[in-house]
Amino acid sequence: MSQGYRPGDIEVTGFWWMLIRVGNARTGKIDLALAGIMSFVAGAINAVGFLIAGAFSANMTGNVSALADELAAGNLVMALSFLGLFVAFVAGAAFAAFGIQAGERYGIRSVYSLAILFEAALLFALGMSDLFDSRITGHEMLIITLCFVMGLQNAVTTMISQARVRTTHVSGMATDLGIGLATLLGDKAAKSEAVPKLKLHALTLTCFAAGGVLGALVYSIAGHWVFIVGAAVLLMVAGPEAWLARRKGQ
């Protein structure tokens, strides 16, 4: 990050540092809290998007593979649809990065929490539009919006943690988990560094899977209200931090 936040800059405790402290000013506990909550929401969104539209909003590896398969089979329309999902994810990440970089230049401490609040607003709007009339969005627009949201969230968590926390990058986390296990078993001198990483990756993967299960269950009971529930969770996380930064005039 271009601007590191010193530990003493804002005097609060524990939970409310998740979206304020950046990079090396963050503690392991803060990263664990951020990874657990955000990956849980991401897992729920990813699962519900698949149930509704038959495509994943967080799994770009699968979408790019499907794009290649459809191209090989000569199904140009389907190939373009998977390309659209990939482009939406990248656009969400680029949008978040642009906003965060601009906020940092102007010294806006709340820029990360504001980005998550924007994610919450998108989920709320998506849920409300589908509750009133599902034809407003349709399956195609819904999954494209969810891909944008997942790209946005992953960019926020990646930038604030300097790539330690990635809430939608399951393949990479599984790889890191395997490397960490090998390090833990084979190199005693590296255990002190391997254990925190193992905890972070294991928690992220577990919460992503748990979010998928719960998201699917909530969707089966409450339908599109699941997006409003997800928006509420994000609001409870980012809202107090945005207020805290604003109270400090930052």
Whether [X] side chain and [Y] backbone form a donor-acceptor pair below 3.5 Å:
{"X": "Glu241", "Y": "Leu19", "result": "yes"}
{"X": "Ser81", "Y": "Met78", "result": "yes"}
{"X": "Asn46", "Y": "Ser57", "result": "yes"}
{"X": "Thr27", "Y": "Ile30", "result": "yes"}
{"X": "Arg164", "Y": "Gly23", "result": "yes"}
{"X": "Asn63", "Y": "Phe82", "result": "no"}

Using every non-hydrogen atom in the two residues, find where [X] and [Y] come nearest and quote the distance to one decimal.
{"X": "Gly230", "Y": "Leu123", "result": "C-CD1, 4.2 Å"}
{"X": "Ala44", "Y": "Gly215", "result": "CB-CA, 3.9 Å"}
{"X": "Glu104", "Y": "Tyr112", "result": "OE2-OH, 2.9 Å"}
{"X": "Cys207", "Y": "Gly36", "result": "CB-O, 3.4 Å"}

Quiz item: Testing Val149, Val233, Ile116 for side-chain contact (heavy atoms from CB on, under 4.5 Å) with Val41, which one passes?
Solution: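 Only one option passes, and that is Val233.
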Within this structure, what is the [atom1]-[atom2] distance for the pair [X] and [Y], rounded to the nearest 0.5 Å?
{"X": "Phe208", "Y": "Thr167", "atom1": "CZ", "atom2": "OG1", "value": "8.5 Å"}
{"X": "Phe148", "Y": "Leu122", "atom1": "CZ", "atom2": "CG", "value": "6.5 Å"}
{"X": "Arg21", "Y": "Arg109", "atom1": "CZ", "atom2": "CZ", "value": "10.5 Å"}
{"X": "Leu214", "Y": "Tyr219", "atom1": "CG", "atom2": "OH", "value": "15.0 Å"}
{"X": "Met18", "Y": "Leu34", "atom1": "CE", "atom2": "CG", "value": "6.0 Å"}
{"X": "Lys199", "Y": "Leu203", "atom1": "NZ", "atom2": "CG", "value": "11.0 Å"}

Quiz item: Please walk me through it: do Phe227 and Leu142 pass side-chain contact (heavy atoms from CB on, under 4.5 Å)?
Solution: CA-CA 11 Å; Phe227 296 124; Leu142 182 142; 4.0 Å; yes
Within the 4.5 Å heavy-atom criterion, are [X] and [Y] side-chain neighbours or not?
{"X": "Leu146", "Y": "Met150", "answer": "no"}
{"X": "Met60", "Y": "Cys147", "answer": "yes"}
{"X": "Ile143", "Y": "Ile52", "answer": "no"}
{"X": "Tyr106", "Y": "Val111", "answer": "no"}

Should [X] and [Y] be regarded as members of a common hydrophobic cluster, given that ILVMFWY residues are connected when their side-chain heavy atoms come within less than 4.5 Å of each other, either directly or indirectly?
{"X": "Leu76", "Y": "Leu83", "answer": "yes"}
{"X": "Val229", "Y": "Met236", "answer": "no"}
{"X": "Phe98", "Y": "Ile108", "answer": "no"}
{"X": "Val90", "Y": "Phe118", "answer": "yes"}
{"X": "Ile45", "Y": "Leu51", "answer": "yes"}

Quiz item: What residues, two or more places apart in sequence or in another chain, satisfy side chain to side chain contact (heavy atoms under 4.5 Å, CB included) together with Leu217?
Solution: Val213
Quiz prompt | ring-ring contact (aromatic ring centres under 6.0 Å, His included) partners of residues 41-61, not counting sequence neighbours, each pair once | solution =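 Qualifying pairs, neighbours excluded: Phe50-Phe56.
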